[in-house]
Amino acid sequence: MEGYRLNRFLSQEQIASIVQRLADQISKDYGGKELVLVCILKGAFMFLSDLVRYLKIPAQIDFVRLASYGAGMETSGIIEITKDIEIPIEGKDVLIIEDIIDSGRTLQFLKDRLSLASPRSVKICALLDKKARRQVEMEADYLGIEVDNVFIVGYGIDFDENYRHLPEIYYVTPNEPQKS
Ligand code: IMP
Ligand code: MG
């Protein structure tokens, strides 16, 4: 993509150690419970698939896909479910798996929505968090790492549907103008 540069933020090894730490915490906290992981598509697919391989406890897995209407890189307040969960979650312990928390609106919407089905608990596991951009109160119960206000791609996370396949995480910066 012209006009942009990808700068490496996290290597495969750094991601693996973060995901392993999260999986250890989750395994410790959810032992003996009926854990359902709800992965938000598409961005969290790679994170989920690594996370479950490090878990030492059983978990059921489901997916939601959300559409949010807004311009460019911003999430608007209007969010809609375009693919809902299929597993009944009543009485179960739900853990939402998300790639990045930005304004917090997506997670606020999904947490409220899932709570309507009377799960025993609903918590949040996010790989990345742009805390400075928060517009609503929302904290991850399990957080990988905080990031500055930069645009992130790779490891499932896209820029206009590109770069999801990359095994590392990058931040995007505009290319320096050519010196004449
Ligand atoms: P929120 O509702 O504003 O918290 O938006 C969270 C969603 O916006 C994430 O699930 C991502 O899909 C998307 N998003 C936020 N920041 C980035 C980014 O830096 N790169 C790619 N997608 C992002
Ligand atoms: Mg997302």
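What you are looking at is a predicted structure, and each value in this text was computed from that prediction instead of being measured. Count residues from 1 along the sequence. Counting starts at 1 for both ligands and their atoms, following the listed order.
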*What orientation do F47 and Y155 show, parallel under 30°, tilted 30 to 60°, or perpendicular over 60°?*
tilted
*Counting heavy atoms only, which of V172, L110, V153, T106 is nearest atom 2 (O) of ligand 1?*
T106
_Does E161 have more than 12 heavy atoms from other residues, nucleotides or ligands lying within 6.0 Å of its CD?_
yes
*Under the ring-ring contact (aromatic ring centres under 6.0 Å, His included) criterion, do Y163 and Y170 qualify, and how do the steps go?*
CA-CA 9 Å; Y163 307 122; Y170 297 82; 8.2 Å; no
*asked:* Could you check whether any side-chain N or O of D62 sits under 3.5 Å from a backbone N or O of I87, counting only pairs where one atom can act as donor and the other as acceptor?
replied: yes
*Which atoms from ligand 1 have a heavy atom of E98 less than 4.0 Å away?*
9 (C), 10 (O)
*Yes or no on side-chain hydrogen bond (donor to acceptor under 3.5 Å, both in side chains) for Y142 and D29, after CA distance, side-chain angles and deciding distance?*
CA-CA 11 Å; Y142 301 90; D29 295 350; 2.6 Å; yes
_Test of proximity, I152 against ligand 1: N or O pairs below 3.5 Å_ = yes
*asked:* So, 4.0 Å and heavy atoms of K130: is ligand 1 close enough to count as a contact?
replied: yes
*Give a yes or no answer on whether the side chain of D93 reaches the backbone of R120 with a donor-acceptor pair at less than 3.5 Å.*
no
*Would you confirm whether K130, through its side chain, and I100, through its main-chain N or O, come within 3.5 Å as a donor-acceptor pair?*
no
*Distance-only, no hydrogens or angles: does the R134 side chain make a donor-acceptor pair with backbone N or O of D102 under 3.5 Å?*
yes
*Does G43 come within less than 4.0 Å of ligand 1, judged by its heavy atoms?*
no
*Nearest to atom 23 (C) of ligand 1 by heavy atom, I100, D102, D160: which?*
I100
*Just which atoms of ligand 1 are under 4.0 Å from any heavy atom in S103?*
1 (P), 2 (O), 3 (O), 4 (O)
_Quick check on L128 - does any of its heavy atoms sit under 4.0 Å from an atom of ligand 1?_
no
*Counting each atom of ligand 1 from 1 as listed, which ones have a heavy atom of I157 under 4.0 Å away?*
20 (N), 21 (C), 22 (N)
*Can a non-hydrogen atom of D158 be found less than 4.0 Å from any atom of ligand 1?*
yes
*asked:* Which of the numbered atoms in ligand 1 are under 4.0 angstrom from any heavy atom belonging to V150?
replied: 19 (O)
